[in-house]
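This structure is a prediction, so every number in the text was calculated from the model and none was measured. We name chains A, B, ... by the order of the sequence lines, and we start the count at 1 in each one.
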Amino acid sequence: MAADDDTDVFEITDFTTASDWERFIARLEEILHEWRLVNLPALPPVAKGEFTSETWEERTDELQFVDVKFDLAYHYLKSAEGTVAEKTQEQDEQDETKKDATPTVFEDMMSMDNDFPSRAHCLCRWYGLRNFIVLAPKSNADIIDIESRAKLLLSSITIALGNTGCSVPMFVQIQQKWRRLYTGTCVLPSATISFDMAHLKRLPQQCTHLAGLLDVFKSELGHAINPMPAVAVSVRFTYILQEWIHSSWPQTPPDFSIMGDEEVGCTGFGTLPFGACEDPVSELHLSCTWPCLSENIIVENQVYTDLDPLQAPQWSVRIAMTEDSQCLLNDYLSEFMSLCSNKKAMSELYTPEDESMAKTKLKKLKKRIKNKGRKWKYVYSYGKVILSQHFDPSADISQALTRLTEPTVPTLSSVMSQASNKAKVKTHECPIPGPLFNEMIFFLFPDARPKENDGSEIQSPEDLFGVPISRAELKQELAKQLKSAPLDCLTVRLATCVCIINKNHGGWKAVAQLWQEVILELRYRLENNFLISGIECGPPNMGSCILHQKLQMLNCCIEKRRKRALQSMERAAPDGSFDSSPRRMRHGSGDETLHDSPSHSAVVASEKCPRFSPLMKRNLMRPDSRTSLGIESCSGSDEEFFDCDESQKESEIDMETSESQSSTSVSQELGEKEAVAATEPEGRLRPFGNVKLKNSNEILYIPITQEPAPMTEDMLEEHAEVLAKLGTSAEGSQLRARMQSACLLSDMESFKAANPGCVLEDFVKWYSPRDWIEEEVEENGVTVVKGQLSQRMQIPGNMWSEVWQNARSVPASRQKRLFDDTKEAEKVLHFLSSLKPPQLAEHLLPVLIHAAIIRIIQEEDEELPKLKQLINQIVVKSAKVTRASNQTSRKYEDLIQLISLAETVIARAKSLKTKFTKDLLDQKEAEEELTHFVSSLLQQPEVAVRGGPCGPAGSVIHKLFVAAQKASHLVLEDDLPEEPTTPSHCADSEASKPPSTVPDFPEASAREYILRTIIPRPAPYSRPLPQRISKFFLFFSDDLYFLSDVSIAATTTSTTTSATTTSITTSATTTTSATTTTSTTTTSATTTTSTTTTSATTTTSATTTTSTTTTSATTTTSTTTTSATTTTSTTTTSATTTTSATTTTSTTTTSATTTTSTTTTSATTTTSATTTTSTTTTSATTTTSATTTTSTTTTSATTTTSTTTTSTTTSANTTSATTTTSAATTTSTTTTSTTTSATTTSATTTSTTTTSATTTSSIDSLAATQLQL
Amino acid sequence: MDDQDILTTLKILIIGESGVGKSSLLLRFTDDTFDPEQASTIGVDFKVKTITVEGNNKAKLAIWDTAGQERFRTLTPSYYRGAQGVILVYDVSSKQSFNKLDAWLNELETFATKHDLVKMLVGNKIDKERREVSKEEGLKFARKHRMLFIEASAKTKEGVQYAFEELVEKIIQTPGLWETDKQGLKLSENASDGSYSACGGYCVI
């Protein structure tokens, strides 16, 4: 404006924002600019189906009007956004060439390709918009429930849109949010669109069928044009199927209460429950669509309809899922997860006062331990709490603890639990009842089950974890990927069992009880040299979880003890055979209850002091009993490190089965040797080829050596750390080598024993052949092979020779054990017994996950690519999680969610499969089609039925409906003639259908109509613009309430200048009015709130707008609406009427200027209308006070006479909507009746045509206003 | 440990037949020396070196040198776990050491915990006159097993530095191989507690 300084015009342009309202609008504009929604070019139509296939995005911001906060959200189709960006660029280049393109909004509204999108924002459904902005109050307390407020917001929007030149439709959400009631507007350069909607409580007859709707539509459009162009109609009926006659959901929650009964096997503990308790599929929605029909070709009125669902060209189906169908696996897993983080279970057994008590006990105990000769350790743990009733409470606890002798001090926690005995833990489910508990133990340790009880009950692991052949590879892959445990092992059984009892039998207390018993069993097996069944032998597998490694370690120890025991037994009784099964040892026959059974008393008794029950003692007496040996070796083992004696040579050789081929020759030779050699060779394994000793002619023998000590991952960890800590210096290296030379020393000693008279060279030949360098040397013409040690071995004082010198000649059997199994076993047991239930659960998690994944694979439906993908995702994720360096249960949460998702998908698939069974098919060959249909149902929100009602899937759906209908009408199937429908002959079946029977389909639950046309409005010479009405009904079966919401898209004018006498003409066009029913609400909701508003119709006639600021103002002339509006109880509306003046001429121009008066704004509008003669100008000035608003108005000229002008000013805090003129137009802006009436009165004029235009709005049974002129 | 600017700690393994020069390679790399009287390794040995990778970042290499003797093989594979890179060494003057490579790879497959660890094949002792394995053979083997390949001599220094740097570079470039375990060997603080860390002890190196 600086440039204008020198001009004469003295004008102030005011851009200040003084009032709240102005600030609000300014902010709105700011956001629009920020989002770059200004001056968007017109976009090409959205391709078919893109509303569903493309993603919708949302951008949000906040703004404030006085103290009410609003959310502004821009919803847009992603592809639309993409093209926008492109387009704008294009446009920059070639400027405004495209002015004539159809605006995006019109394109959207008229596009038939995207009617009834299967998932989209409701506004998109109703108006077909690809992008729009929604203004909604932030909090529920601030809902816009007063119409004046709604109008105010709408005005603000209009102003903002007009100011910015933003052509994106914008909506205000009014009323409660769940009602999804919006009112909106869109400002285009040459037109304005207003979107309105209404909810009706009761639908007028007229609106229930197409014919009536067409009437409504046409009458709203006005009669000006003749002939009326044909209206295009899209219709969709939706039917809901809730009764599934042919199938019921079979799964019931597993009942574990019966478990433990004789006939129920233990399988229940090995299989994780799976599946949904409730039918995950609740409803089927069948939508029959008639896209783009011409109004002329179909008839639907009160008595007759062409719209038979069976004739519908398009069928599509969607499935409503049960929200929470209680998937069992998920339930169990989440329960297990919560056990992991159960603080109570961690702390309950462990309180401070217990601690002090325990400390004193511990002291006493240590004293006693010293006195005791027996080297037994017995670790008590919390689990005993449960068994405490079997204790003599007066018995000195420490007596039982006297067995604690191991150098490692028993954990406090283990002692603690003794102390906490007194505070008994009680739950109704815990302790687990005896028979059940026994069953569990036998499940975990199947070899402990008494033989006579063996039956077919025991399920092999293959049964438990069998997967389809096609998935065998995945199963293997899984075993490799996950750091868990082999599926057929104790660890997995334990995991599933703990998971199940945690859910069903008393939570962590039951887990504690079981775990305690498991530890007892493990200790028992250790002490009696029974291998733990179901844990593979061999060194711990680093690929498995730590708990499994520990168990493997324990088994290694047992194995070692067994070997030793075997040797000593053979020494004692060479032909003794033993039973390697612990059967009947610890557990009595399975039918006795634990608490009274001898086996149990055995346990209890042994806790007191004698570890062995009478039953066991009896066993001990048996000459062939393995136990006695076990005891013997056990008692002696700690002092004796020489576990083989001389006489076991042969037997030991035999034991090394893999290398026994030469055993006979060895023993022969041994025979010879024994006679000759001064120092007898010992511990020979086999000759080392033909290699001879260097200094004698003896054959070099490979000695029997000690196996290196097995290690679990954590031990190895420590070991590596220790080695690494020695540093990188030469001394460190030296020390490291020394530390690791134990194995070398042992081997050297064995070697020396096996090869008397040997030297280091001999040893190197065997041990490190590459350090023995042979050269062919010519000696006296003869080629002799001469060998020598490599250079590095010859270094004086090198480690090898040093160790060699220190090595004595001792066979492996008499060497110090490299692997101290006694100590290691105790370490493992200590580790295990100090695990509390949550810790145990954490350790079992990877294993449980493994089992759960297998379970999913077992149940997998291979026809679902989505599921396959999901499973792969689970496998990858679980591989990562189980291998993570520090395991915490939190890392598993996502994984468990994925697993339960997979479970839900499977349950749904199953449910659908039972519903769409093949026997419902007429043509068997169509099976494939049906399966395809079912699988796409699971993967897409809405599935088009191929072939519609005539396709195979369609016929099945038809049958389902028919069956449900019959059932609901209590018609017995037998009473009816056979349904003749054959899918290929729909028409025939239609004809031959018995006339008086129940209809095949129920009343449509929802009916949606979209009517479209393009006509010039309001005047014939107006530019033809799209008109659209869409109407949605939702019926509820019982009460006849429904909501209908009417949306009206009304237009505004486009101003064009056409010369008339004085002024400017505007031609106004109107758009459609649309009625919609939202399908949103549920019955209950609707009944209560019974809201409604009138349909009312508005439309404009000669209206006006030009200036940016105004618009908001409403203008109306009425049109009729019939429809409308039934009412709520409170109000009545009659909508009405009137054509407006508007005949030809009425032109209005408004020019609005804003002037500020003090702090307020006033918008003035002037209109001059005229044709005939009289011109009128109305100037409506309104002032807003801080709290409220104004809206402005307009005028229109009447045809005949002169008009009046009204100027309304509103008092400080009310709003006024004003209107006027002519043909008795009323604004639809009504507020309180008082004000409106006031205004109207002042605004009277002659009315030419109108009778009465009423607009009523009733809002939520608030006072309704009624306006009548 | 002055770990401030250490990007990551990498575990690298050196394996191969006995006497092919594993320890010598390592010594050449860490101390830039060569000891013709390098003793035969017993069990495993361990060295640390920090090198610069990718601009200013430093990577700490914890290099585990293993004994090649058959008898030690029951022991040493335990140390394979957690390694991000492995250097598989053979002696170009010993066909037999080359022929055993397959067995070593097998062992690696079995015991290494990271399946995408970076493998490098090094033909050592190229200073020797009597060659039994040609460079082509080495290349062929490396290509077949998708390894890095280089020939080197610990004695003459040739290729050694380059081999290690290349390996580290490759590890750094492999996503997901190293980022997650930054703690590396720092865990050793745990062990000094003296307590038998039953529950806290199994973190991966």
Looking at [atom1] of [X] and [atom2] of [Y], how far apart are the two atoms once the value is rounded to the nearest 0.5 Å?
| X | Y | atom1 | atom2 | result |
| --- | --- | --- | --- | --- |
| B:Lys47 | A:Ser733 | NZ | OG | 4.0 Å |
| B:Asp35 | A:Ile795 | CG | CD1 | 6.5 Å |
| A:Tyr767 | B:Ser18 | OH | OG | 11.5 Å |
| A:Leu744 | B:Gln69 | CG | CD | 8.5 Å |
| A:Arg792 | B:Ser23 | CZ | OG | 7.0 Å |

How about B:Phe72 and A:Gln740: do any of their side-chain heavy atoms sit closer than 4.5 Å?
-> no
Counting only heavy atoms from other residues, nucleotides and ligands, does the tally under 6.0 Å from [atom1] of [X] exceed 12?
| X | atom1 | result |
| --- | --- | --- |
| A:Lys765 | NZ | yes |
| B:Glu132 | CD | yes |
| B:Lys95 | NZ | yes |
| B:Lys157 | NZ | no |

Assert top hit (heavy-atom pairs under 4.5 Å, partner chain A, pool B:Gly19, B:Ala39, B:Ser40) equals B:Ser40
Identify which of A:Asn798, A:Leu726, A:Leu723, A:Asp771 forms the greatest number of heavy-atom pairs closer than 4.5 Å to chain B.
-> A:Leu723
Where does A:Met739 contact chain B at under 4.5 Å (heavy atoms): side chain, backbone, both or neither?
-> neither
Where is the tightest heavy-atom contact between A:Arg736 and B:Phe46, given as atom of each residue plus distance?
-> NH2-O, 3.1 Å
Side-chain H-bond candidate by donor/acceptor type, B:Ser94 with A:Arg770, under 3.5 Å = yes
Engaged part of B:Thr41 at the chain A interface, taking heavy atoms whose separation is under 4.5 Å = backbone
Pick one of side chain, backbone, both or neither for B:Glu37, based on which atoms fall under 4.5 Å of a heavy atom in chain A.
-> both
